[in-house]
Amino acid sequence: MKAVTHRHRFITLCLLLLIQLLVVRSAYAEEAFDRDYAEGLALLQQQAFETALIPLRRSTRTQPRSENFFALGVALFRLQRLPEAWQAYQQALRYLPDPALKARIRSGLGDLHFATEDYVNAINHYHEALDYEPRWNGARLRLATAYLRLERYSAALTITEQALAYAGPAPQPELHALRSLIYLSQQQWQAATTELSALAEYPGYFVEAQQHLNWMYRFRKDYPEANTLADQLLQSHGQPEIWQMAALTKLEYLNACDLQLLPCSPGHYQQLSQEAGEVLSRWILSTPDQPQAYYYLGLWAQHRLDWPAALQAYQRAAQLFPERQYYQLKQAEMHWTLGERQPAEKTLSVLRFQKGDWREGFKAYAMESLPSAWQQAALQNDPASPQGLFWQGYLHWQQAPGDKNKAWHTLLSQHSSSPEARLAEALQLLRSGNRTWTYALLRQTARERPENWLSAYYLGILQAEHDCPAALPWLQRAYRQNPTALAVHHGLLRCLPPEQQAAQLIRSLQTFPSEDAFQQLYLELQR
């Protein structure tokens, strides 16, 4: 599940707090009664979010207070107008609200980051919310879910158990949701399915339970089952989060086909791609101001090698939500791919990722052809994590073939169970000439970290030693994921049949116009 979860409980808590603030008004007793705020609050209770915007906006102008901006943010968030909700929450924080409201605003910011898969920042905001309201299990439950999405199972389990300890006589649905998170973090799939089935029986929880279930199928790489569930929900529910879930499911299914994790005929592959495009269009139509929809539209266009369309989609996402730096990074990547170095470098020069934010920075480390100074600056980002150690070691592995790579040895010894450790070990074995074990480890890491183009690239390189046709799917996969890596272009051109080389060569020269080997090949093909 990639969409915002526990939405109904969050909105209920927000509305209860707002009602309390409206009735008590102790902190603002000297001020005139705010009828616009009261009208907006009543419309929020009726879930008339679009209509509520008018009196709430009026209220923030006439009597700007934290709760007015917070109510406006809730309405905007429910309408999936995330950038505007972000601004409203930020305005609410400026007016120094009381601790209870501060917690809600911080949690609301966490939900905004969760909605765009920025789980690191979501976790930071949820922790801040709990600093103000330690007993608030709503934020704690979403915090555990964010840790789960980052596959930090130990942290997810600890937070979930804390929530259970705080729960006391909590409603039964809440306990089912908490226990399902425990079972998911422990990969006890049958027990998790039982809990989610029980959760789905409660009014207002069906969609949330199905989203958890869909995420579980996708995590297990059971994409046919996840796709079937998504299609069933599309037929009976029209919420934006269902369009989002279906789009993610179909895109991940396409990735699984690319990685040969399951059999996909050419016809089925084309059908999946077409369905993904249709679902993405419906998602954008239902929430035209949702930046994440444009981000995934860019990924879909990138999958189809339509770089201009991908750039346009990423630009729109970045315009809608400039605080989400990953959109700008993808925009820079497409500029670079199209040979537009100046706008790419201009964008990269202003990016500053938070420490530990590997979901944000991952592509930065993967873009081999970017300026080395920028790469080295990026590597200051939490170098002690498995990903940080891996990318430091990978750069050393490339630059110093005889180096024993202390960073990788540290990674292997301290994080031996991580996919990054297995990938590092695979590349060490590749250099030592052990092809059998290298291939097995690369296949495993391709399954565990499908977003990492290196596994697909080196699988292609291994296959190309004796069977270029078998190598092509892997090299094409690596190219779609990271078209800025010069080595991928070389491997792809080496294995493509002559009738397909010309079209790829034009794309490669567009990205690397000064590459001598590409210029020479172009001249040979013109003869």
Side-chain angles (χ1 to χ4, degrees), residues 3-22 27-28 34 36-37 40-41 43-44 47 49-50 52-133 136 138-143 145-146 240-241 287 289-292 317 319-325 327 354:
V4 178
T5 59
H6 313 286
R7 190 186 309 271
H8 298 294
R9 274 167 294 177
F10 170 63
I11 296 299
T12 301
L13 286 167
C14 293
L15 294 179
L16 287 173
L17 176 66
L18 289 168
I19 292 168
Q20 182 183 17
L21 287 169
L22 180 62
Y28 307 101
D34 189 345
D36 287 325
Y37 174 65
L41 185 61
L43 290 167
L44 279 180
Q47 299 197 19
F49 304 112
E50 191 72 51
L53 292 179
I54 298 173
L56 289 175
R57 287 191 192 281
R58 208 160 46 225
S59 174
T60 60
R61 291 192 296 269
T62 58
Q63 296 197 48
R65 298 189 303 269
S66 55
E67 67 263 38
N68 301 51
F69 281 106
F70 181 56
L72 177 62
V74 170
L76 291 166
F77 181 75
R78 287 295 282 130
L79 292 168
Q80 287 289 286
R81 294 164 64 169
L82 304 186
E84 293 176 80
W86 168 274
Q87 294 296 333
Y89 288 149
Q90 292 293 334
Q91 284 288 89
L93 287 174
R94 289 179 55 194
Y95 286 92
L96 299 177
D98 61 55
L101 186 53
K102 243 179 188 177
R104 265 57 179 187
I105 295 169
R106 291 296 182 186
S107 184
L109 288 168
D111 286 344
L112 280 167
H113 285 292
F114 197 112
T116 59
E117 302 172 69
D118 184 0
Y119 301 121
V120 171
N121 277 317
I123 285 169
N124 292 337
H125 284 301
Y126 291 143
H127 275 299
E128 289 172 349
L130 291 169
D131 287 341
Y132 291 110
E133 289 286 344
W136 186 20
R140 188 170 279 106
L141 182 56
R142 295 191 295 280
L143 173 62
T145 307
E241 54 264 36
T287 53
D289 296 323
Q290 222 285 28
Q292 196 72 346
Q319 288 167 359
L320 286 170
F321 202 175
E323 292 83 2
R324 182 73 160 97
Q325 294 193 88
Y327 300 150
Q354 288 196 12

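Computed from a predicted model, the values in this text were never measured in an experiment.
Atom CG of L143 and atom NE2 of H125 lie 12.5 Å apart (nearest 0.5 Å). To the nearest 0.5 Å, atom CD of residue E128 and atom OG of residue S107 are 11.0 Å apart. The structure places CD of Q292 at 10.0 Å from CZ of F321, a figure rounded to the nearest 0.5 Å. Between D118 atom CG and N124 atom CG the span is 9.0 Å, to the nearest 0.5 Å. Summarising the geometry, atom OG1 belonging to T60 is positioned 12.0 Å from atom CD belonging to E67; distances are rounded to the nearest 0.5 Å. The structure places CD of E84 at 8.0 Å from CG of L72, a figure rounded to the nearest 0.5 Å.
Contact annotation: the side chain of Y89 approaches that of V74 to within less than 4.5 Å [non-hydrogen atoms, C-beta and beyond].
Across all non-hydrogen atoms, the minimal contact from L130 to W136 is CD2-O, 3.2 Å. The two atoms that bring A122 and F114 nearest to each other are CB-N, 3.8 Å, heavy atoms only. L44 and A71 get closest at one heavy-atom pair: CD1-O, 3.8 Å. Of all the heavy atoms in A52 and G40, the pair that sits closest is CB-O, 3.8 Å. Contact detail for P291 and A317: the closest heavy-atom pair is O-CB, 3.5 Å. The nearest pair of heavy atoms linking Y132 to A103 is CB-CB, 3.9 Å.
Residues that satisfy the side chain to side chain contact (heavy atoms under 4.5 Å, CB included) test with P64, not counting sequence neighbours, are F69, Y95. Remark: P240 engages Q80, S286, T287 in a side chain to side chain contact (heavy atoms under 4.5 Å, CB included) (not counting sequence neighbours).
For the ring pair (Phe, Tyr, Trp, His ring centres under 6.0 Å) with H113, the lone residue among Y119, F77, W86, Y126 that qualifies is W86.
The residues E50 and R81 are annotated as salt-bridged, a charged nitrogen and a carboxylate oxygen being separated by less than 4.0 angstrom.
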Quiz prompt | Worked check of side-chain contact (heavy atoms from CB on, under 4.5 Å) between L79 and L53 | solution = CA-CA 10 Å; L79 292 168; L53 292 179; 3.6 Å; yes

